[in-house]
Every structure is written in C-alpha cells, then in structure tokens.
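Keep in mind that this is a model prediction, so the values were computed, not measured. Side chains are part of it too, since the values below use all heavy atoms of this structure and drop only hydrogens, waters and symmetry mates.
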Amino acid sequence: MKEDRHVPRAYPSATEDNYFRLKESYDLGLAVAVARSYLHAAIAHPKDTIADGWSISCLPSTGAGRRLFTINVGAVEGAYMSTIIENGVVDGYIMTVYVDRRTLERASGQSLAELKRRFEDDVFFDSATHAAFKGRAVSLSTEVFASNAAFPADLPWQQAAAALADQLLNESKCIYTRYHNQWLSEDVLSLD
C-alpha cells in the first residue's frame, strides 16, 4: 500500500491521545488554569488569534518530555509548564513565561538586576536566547501552587508578557500550528 503524501503528519502533541495522557497522568485542571493565566495576561483576543497567532501543544517532546504544555506565540514559545521530578516521581510543577525586559523594568521601576535580587527566592530569571526574541526578552520561572503560578503579586509579569506577545504576534504568524492540540485549547478557552 502506497503512503498518501498529502495527509499531514499527526504530531503526538497535537493528538487526542496526548490530551488523555495529560488528563490521566497529571493534573489537567492545574495545567488548564496555568495556561489560561498566561493567555489572559498575554494574548488580547485568544479566541480570535488561535492557531494563526498562537498554539498550544500537549505533552510535547521538548524539554526531555517533562513539559505538560507549551504555548507558542508567533515564531517562539511564550510560556510552558513542566514537571519537577524527585526520585522518578512528579513532585511539583514549574511555569515559565517569556516577557519583554524593558516593560518589566519600567512597570516595576527596577532594573533586571534589582528584580533578580528582590525575587531570588521565588523566581528564576534567565536570558531568552532564541534569535526571534532579538535580545529583548527574559524568561521567568516559578513553582506552581493550587490553581496558578506563584509569581509574586508585585512582579508585573502580566504586562511584560503582554508586551512581548504583542510584538511577536505582529512579527510572525504562529509556525507551530502542526503541534496544536485542539482538545487542550478547548479546555483552556472554555471559560472565555
């Protein structure tokens, strides 16, 4: 039997099987709440820009298979949630978001160095090295508790995430739509 080359490849992160694996093996409600918190903060009209501007993958192979989801915005990732593994068992979760450095500094009234010192016990700051970020972005990572990421209330990550996402959406269409998981996105957008 000859393979049909016109049938698009089904990437695991886009399948209903991966969605069910997330639901059965991890905390789906928590993953949905964390993804929703990023979308509400960063994407002005998520239902209008889904797949064209942003996408969400489910249990992507990125990050040695430790990610529950990745939200891609334009040509790069905007946020992801991953597991903390201790002795081979899931011991917690981490959320990472990419933000516009200048907006973060302006909104907080502090330099990145000052923010790193101030929030060193709660947030890990790192440079975003992907070329599409053009040197303007940093990643913020924090543990996830209850139903949201535990970013300190006085860290204006939402404004900075929105500023970066707006720039990325204006620069490029989402190039990761083939990894988009419609079942997970429906859960994330269900309350909108």
Side-chain angles (χ1 to χ4, degrees), residues 7-16 18-19 22 28-63 67-82 93-107 126-142 144 147-149 151 155-192:
V7 175
R9 177 178 175 209
Y11 290 91
S13 64
T15 64
E16 190 173 22
N18 267 28
Y19 171 76
L22 173 61
L28 175 64
L30 183 59
V32 166
V34 170
R36 190 178 289 147
S37 73
Y38 172 77
L39 287 177
H40 280 219
I43 309 294
H45 303 285
K47 283 186 177 180
D48 296 338
T49 56
I50 191 169
D52 192 40
W54 68 273
S55 66
I56 187 168
S57 60
C58 183
L59 299 177
S61 58
T62 312
R67 290 192 186 182
L68 299 186
F69 67 79
T70 299
I71 297 175
N72 294 293
V73 181
V76 291
E77 56 194 18
Y80 61 86
M81 183 175 168
S82 55
Y93 300 99
I94 294 176
M95 178 185 189
T96 298
V97 299
Y98 292 87
V99 302
D100 181 75
R101 177 184 178 155
R102 287 188 183 144
T103 302
L104 184 66
E105 290 175 326
R106 189 173 46 252
D126 198 15
S127 297
T129 58
H130 192 287
F133 285 128
K134 301 176 184 175
R136 63 189 162 195
V138 295
S139 67
L140 311 177
S141 299
T142 191
V144 176
S147 64
N148 59 10
F151 285 112
L155 179 66
W157 73 270
Q158 295 98 333
Q159 290 172 271
L164 182 62
D166 285 347
Q167 294 167 41
L168 295 171
L169 288 169
N170 286 325
E171 292 170 4
S172 169
K173 289 185 180 282
C174 184
I175 63 171
Y176 296 96
T177 55
R178 63 188 173 271
Y179 304 104
H180 180 69
N181 191 287
Q182 71 181 45
W183 297 274
L184 183 55
S185 68
E186 287 170 8
D187 277 358
V188 172
L189 296 173
S190 66
L191 294 180
D192 287 346

Enter the distance from [X]:[atom1] to [Y]:[atom2] here, rounded to the nearest 0.5 Å.
{"X": "D126", "Y": "T96", "atom1": "CG", "atom2": "OG1", "result": "9.0 Å"}
{"X": "R136", "Y": "Q167", "atom1": "CZ", "atom2": "CD", "result": "4.5 Å"}
{"X": "R67", "Y": "L22", "atom1": "CZ", "atom2": "CG", "result": "14.5 Å"}
{"X": "S139", "Y": "H130", "atom1": "OG", "atom2": "NE2", "result": "13.5 Å"}
{"X": "L168", "Y": "K173", "atom1": "CG", "atom2": "NZ", "result": "15.0 Å"}
{"X": "L104", "Y": "Q159", "atom1": "CG", "atom2": "CD", "result": "9.0 Å"}

*Carefully, step by step, assess T103 and L164 under the rule side chain to side chain contact (heavy atoms under 4.5 Å, CB included).*
CA-CA 9 Å; T103 302; L164 182 62; over 6 Å; no
*Out of Y80, Y179, F69, which one pairs with I56 under the side-chain contact (heavy atoms from CB on, under 4.5 Å) rule?*
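Only one of Y80, Y179, F69 forms a side-chain contact (heavy atoms from CB on, under 4.5 Å) with I56, namely F69.
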Which atom pair, heavy atoms only, marks the closest approach of [X] to [Y]?
{"X": "D166", "Y": "A42", "value": "OD1-O, 4.3 Å"}
{"X": "F133", "Y": "A128", "value": "CD1-CB, 3.4 Å"}
{"X": "T49", "Y": "I43", "value": "OG1-CG2, 3.5 Å"}
{"X": "C58", "Y": "N181", "value": "CB-ND2, 3.5 Å"}
{"X": "A14", "Y": "H180", "value": "CB-O, 3.2 Å"}
{"X": "A35", "Y": "V188", "value": "CB-CG2, 3.8 Å"}

_Could you go through R36 and S190, starting from their C-alpha distance and side-chain angles, then the distance that decides it, and tell me whether this counts as side chain to side chain contact (heavy atoms under 4.5 Å, CB included)?_
CA-CA 10 Å; R36 190 178 289 147; S190 66; 3.5 Å; yes
Less than 4.5 Å apart, any side-chain heavy atom of [X] and any of [Y]?
{"X": "R101", "Y": "S127", "result": "no"}
{"X": "V73", "Y": "Y98", "result": "no"}
{"X": "P12", "Y": "L59", "result": "no"}
{"X": "L184", "Y": "V32", "result": "yes"}
{"X": "L30", "Y": "L68", "result": "no"}

*Going by the angle between their ring planes, with limits at 30° and 60°, are W157 and F151 parallel, tilted or perpendicular?*
tilted
*Go through the structure and list residues passing side-chain hydrogen bond (donor to acceptor under 3.5 Å, both in side chains) with S55, not counting sequence neighbours.*
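Checked S55 against side-chain hydrogen bond (donor to acceptor under 3.5 Å, both in side chains); zero matches.
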*asked:* Please evaluate residues Y19 and D187 with respect to the criterion side chain to side chain contact (heavy atoms under 4.5 Å, CB included), reporting the C-alpha separation (whole Å), side-chain torsions for both, the decisive distance (0.1 Å), and the verdict.
replied: CA-CA 10 Å; Y19 171 76; D187 277 358; 2.5 Å; yes
